[in-house]
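Please read the structure below before turning to the comments.
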Amino acid sequence: MNKKILVTGGTGYIGSHTAVELQNCGYEVLIVDNLANSNENIVSQIEKITGIRPGFTQLDLCDRQATLDYFQKHSDISGVIHFAAYKAVGESTEKPLMYYQNNLGSLTNMMEAMASIGCKHLVFSSSCTVYGQPAELPVSEKAPVKKAMSPYGNTKQISEEIIFDQCLAGNLEAISLRYFNPIGAHETALIGELPIGVPNNLVPFITQTAIGKREMLQVFGDDYNTPDGTCIRDYIHVVDLAKAHIVALERLSGENNLERFEIFNLGTGIGYSVLDIILTFEGVNGVKLNYRIAPRRPGDVEKVWADTTKANEVLGWKAELGLEAMLRSAWKWEKFLQNKEI
Ligand code: NAD
Ligand code: WQD
């Protein structure tokens, strides 16, 4: 019988891509999501790609009893990949309690429910935001966690601490994956990122500008201490990222983890500037982008990219897709959205 994996937040951007990769690897996928930032139609989109419909339940993980009941009903879940969270950095500074309640409440309820059925394997979505502006680049997992610059970032730091304590108590074995900047979409363009309202992130803003939904992209600052003056990030293809979750799960189920709580950076190890992204997007897709240089965005780190040695050598995962594939797929997805309602 196939192993049953629960994907929380599985109708979201990274969760939906991971559900596809899990099914491609023969896992049975269950999704729970409260649809706060996604759409139930994504379940059908996943089915269109893989030919298999994942089990879907609309569930708010902040509802403790409903979460416990769900796990009782599915007591054969062998592992959980926990994506469910709010993720808008700006919103988190305006509504900090909403972020602490949702991101931490859902996590603790979910771990209590896991323990209630004896499910011990957890893969957690963390973020490179925990490093702030690192003193050394590339940034390795040994770099200190800096004071968070937003309540959102703080929820990731606190979540890692809560998971660590639960592991220490002997109730859990977990892997925290610190994502750098996930972009792009599935090659079929049947799933991708669905920003609600005006996108905060660079690539959705670029694709929406190129298609005409936004008038102009603002490049936030060209006076940073970088070769072209714009900020540098480590962009990673969402499909590469999705695949890493399966490698992490298999590390736990194969008992190959060296500690009960492990942390891995997920990036390509290559840093690109904002102008690199714009020029590559224009080049690979044959479109002109309307952009102008604007003032710095408060809170932005200047440059960050991953030391991927631990992910490559210990986890045994390496990003395979390059920037051109990322930006080609992002554009294909935006064009798909122009023609279809999701
Ligand atoms: P997303 O918003 O597309 O997906 C998250 C999903 O979780 C959504 O479908 C939302 O409806 C659901 N959700 C939120 N609160 C819930 C709750 N209480 N109960 C049930 N479902 C709930 O975001 P994403 O980009 O796919 O991110 C997935 C995870 O990765 C998040 O934890 C995010 O913080 C983390 N992450 C994302 C990025 C990024 O740039 N996208 C970078 C680093 C880390
Ligand atoms: C990338 C670069 C901007 C928009 C955020 C979160 C972080 C993590 C990933 C979850 C920066 C520049 C952007 C625009 C621009 N998420 N930019 N014009 O800031 O690295 O990280 O997403 O954990 O926590 O903070 O990503 O895509 O917003 O920005 O010039 O309209 O693009 O200044 O240099 P960021 P981003």
Side-chain angles (χ1 to χ4, degrees), residues 7-18 31-40 42 57-63 66-67 70 81-90 92 98-99 101-107 109-110 124-132 148-150 152-153 155-156 159 176-183 191-196 198-206 208-209 214 216-222 224 226 230-236 238 241-242 245 266-267 272-275 277-278 291-304:
V7 182
T8 76
T11 43
Y13 174 43
I14 307 170
S16 56
H17 289 81
T18 304
I31 291 175
V32 295
D33 200 300
N34 67 353
L35 305 177
N37 196 37
S38 58
N39 185 318
E40 193 175 340
I42 296 300
T57 303
Q58 186 172 348
L59 174 71
D60 184 350
L61 291 164
C62 289
D63 183 335
T67 303
Y70 179 88
I81 308 182
H82 183 59
F83 293 104
Y86 293 154
K87 64 164 181 178
V89 175
S92 80
M98 188 173 114
Y99 272 69
Q101 278 164 353
N102 190 61
N103 293 5
L104 303 180
S106 59
L107 176 72
N109 286 342
M110 200 267 312
F124 175 70
S125 297
S126 188
S127 168
C128 70
T129 191
V130 303
Y131 298 119
M149 287 160 91
S150 69
Y152 164 74
T155 68
K156 292 296 171 194
S159 294
S176 182
L177 299 175
R178 291 179 176 166
Y179 313 155
F180 281 64
N181 287 57
I183 61 168
I191 52 173
E193 191 167 4
L194 274 174
I196 293 176
V198 182
N200 297 307
N201 295 114
L202 178 63
V203 171
F205 208 105
I206 287 179
Q208 290 197 5
T209 307
R214 311 273 155 218
M216 184 188 290
L217 169 78
Q218 303 195 69
V219 174
F220 295 138
D222 69 345
Y224 286 98
T226 61
T230 64
C231 291
I232 295 179
R233 298 287 183 274
D234 184 339
Y235 296 91
I236 173 168
V238 67
L241 191 71
H245 293 76
L266 296 184
Y272 288 106
S273 73
V274 178
L275 291 179
I277 301 298
I278 293 172
Y291 69 91
R292 71 171 179 93
I293 305 298
R296 291 182 179 200
R297 181 170 70 176
D300 267 342
V301 303
E302 182 169 89
K303 49 191 165 202
V304 63

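Treat the numbers as computed from the prediction; the structure is a model and nothing was measured. Atoms within each ligand, like the ligands themselves, are counted from 1 in listed order. Along the sequence shown, residues are numbered consecutively beginning with 1.
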> Within the distance-only criterion (no hydrogens, no angle test), does the side chain of Thr57 pair as donor or acceptor with the backbone N or O of Leu59 below 3.5 angstrom?
Replying inline: no

>> I'd like to check which ligand 1 atoms, numbered from 1 as shown, lie under 4.0 Å from a non-hydrogen atom of Tyr152.
In response: 33 (C), 34 (O), 35 (C), 36 (N), 44 (C)

> Quick one: side chain to side chain contact (heavy atoms under 4.5 Å, CB included) partners of Ser126, sequence neighbours excluded?
Replying inline: Phe124, Val130, Lys156, Glu160, Ser176, Arg178

>> Please tell me whether His245 and Tyr179 form a close aromatic pair, meaning their ring centres lie under 6.0 Å apart.
In response: yes

> Can you list the atoms of ligand 1 that are under 4.0 Å from a heavy atom of Leu59?
Replying inline: 19 (N), 20 (C)

> Between Pro195, Ala88, Pro182, Ser159, which one has a non-hydrogen atom sitting closest to atom 40 (O) of ligand 1?
Replying inline: Pro182

Give every pair formed by an N or O atom of ligand 2 and a protein N or O atom closer than 3.5 Å, one pair per line with both atom names and the distance to 0.1 Å, or write none.
| from | atom 1 | to | atom 2 | distance (Å) |
| --- | --- | --- | --- | --- |
| ligand 2 | 18 (N) | Gln218 | O | 2.7 |
| ligand 2 | 19 (O) | Arg297 | NH2 | 2.9 |
| ligand 2 | 20 (O) | Asn181 | ND2 | 3.0 |
| ligand 2 | 20 (O) | Arg233 | NE | 2.5 |
| ligand 2 | 22 (O) | Asn201 | ND2 | 3.2 |
| ligand 2 | 23 (O) | Ser127 | OG | 2.8 |
| ligand 2 | 23 (O) | Tyr152 | OH | 2.6 |
| ligand 2 | 26 (O) | Asn181 | ND2 | 3.2 |
| ligand 2 | 27 (O) | Asn201 | ND2 | 3.2 |
| ligand 2 | 27 (O) | Leu202 | N | 2.8 |
| ligand 2 | 28 (O) | Asn200 | O | 3.4 |
| ligand 2 | 28 (O) | Asn201 | ND2 | 3.2 |
| ligand 2 | 28 (O) | Arg297 | NH1 | 3.4 |
| ligand 2 | 28 (O) | Arg297 | NH2 | 2.9 |
| ligand 2 | 29 (O) | Arg297 | NH2 | 3.4 |
| ligand 2 | 30 (O) | Gln218 | O | 3.3 |
| ligand 2 | 30 (O) | Phe220 | N | 2.9 |
| ligand 2 | 33 (O) | Asp300 | OD2 | 2.5 |

> What atoms of ligand 1 come within less than 4.0 Å of a heavy atom belonging to Ser125?
Replying inline: 29 (C), 30 (O), 32 (O), 35 (C)

> So, Asp33 side chain and Leu35 main chain: donor-acceptor pair closer than 3.5 Å or not?
Replying inline: yes

> What is the closest protein heavy atom to atom 15 (N) of ligand 1, and at what distance does it sit?
Replying inline: Asn102 ND2, 3.0 Å

> Quick check: does any side chain N or O of Asn103 sit under 3.5 Å from a backbone N or O of Tyr86, one acting as donor and the other as acceptor?
Replying inline: yes

> Which option, Ala85, Ala66, Ser16, owns the non-hydrogen atom nearest atom 5 (C) of ligand 1?
Replying inline: Ala85

> Out of curiosity, is Lys156 lining ligand 1, as in a heavy atom under 4.0 Å away?
Replying inline: yes

> Taking side chain as C-beta onward, heavy atoms only, is Val274 less than 4.5 Å from Phe220?
Replying inline: no

>> Starting from atom 43 (C) of ligand 1, what is the nearest protein heavy atom, named by residue and atom, and what distance separates them?
In response: Tyr179 CD1, 3.5 Å

> Is it the side chain (CB and beyond), the backbone, both or neither of Ser126 that lies under 4.0 Å from ligand 1, heavy atoms counted?
Replying inline: backbone

> Would you say ligand 1 has an N or O under 3.5 Å from any N or O of Ser106?
Replying inline: no

> Which atoms of ligand 1 have any heavy atom of Ser127 under 4.0 Å away?
Replying inline: 43 (C), 44 (C)

>> When you measure from the side chain of Thr8 to the backbone of Ala84, do you find a donor-acceptor pair of N or O atoms at a distance under 3.5 Å?
In response: yes

> At a 4.0 Å cut-off, with the gap strictly under it, does some heavy atom of Leu194 reach an atom of ligand 1?
Replying inline: no

>> Does only the side chain of Asn201 get under 4.0 Å from ligand 1, or the backbone, or both, or neither? Count heavy atoms.
In response: neither

> With respect to atom 6 (C) of ligand 1, which of Asp33, Ile42, Thr8 exhibits the smallest heavy-atom separation?
Replying inline: Asp33

> In the protein, what heavy atom is nearest to atom 19 (N) of ligand 1, and what distance, to one decimal place, separates them?
Replying inline: Leu61 N, 3.0 Å

>> Strictly distance-based, threshold 3.5 Å: is any side-chain N or O of Asn109 a donor or acceptor partner for the main-chain N or O of Cys62?
In response: yes

> Short list, please: which atoms of ligand 1 are under 4.0 Å from a heavy atom of Ala36?
Replying inline: 11 (O)

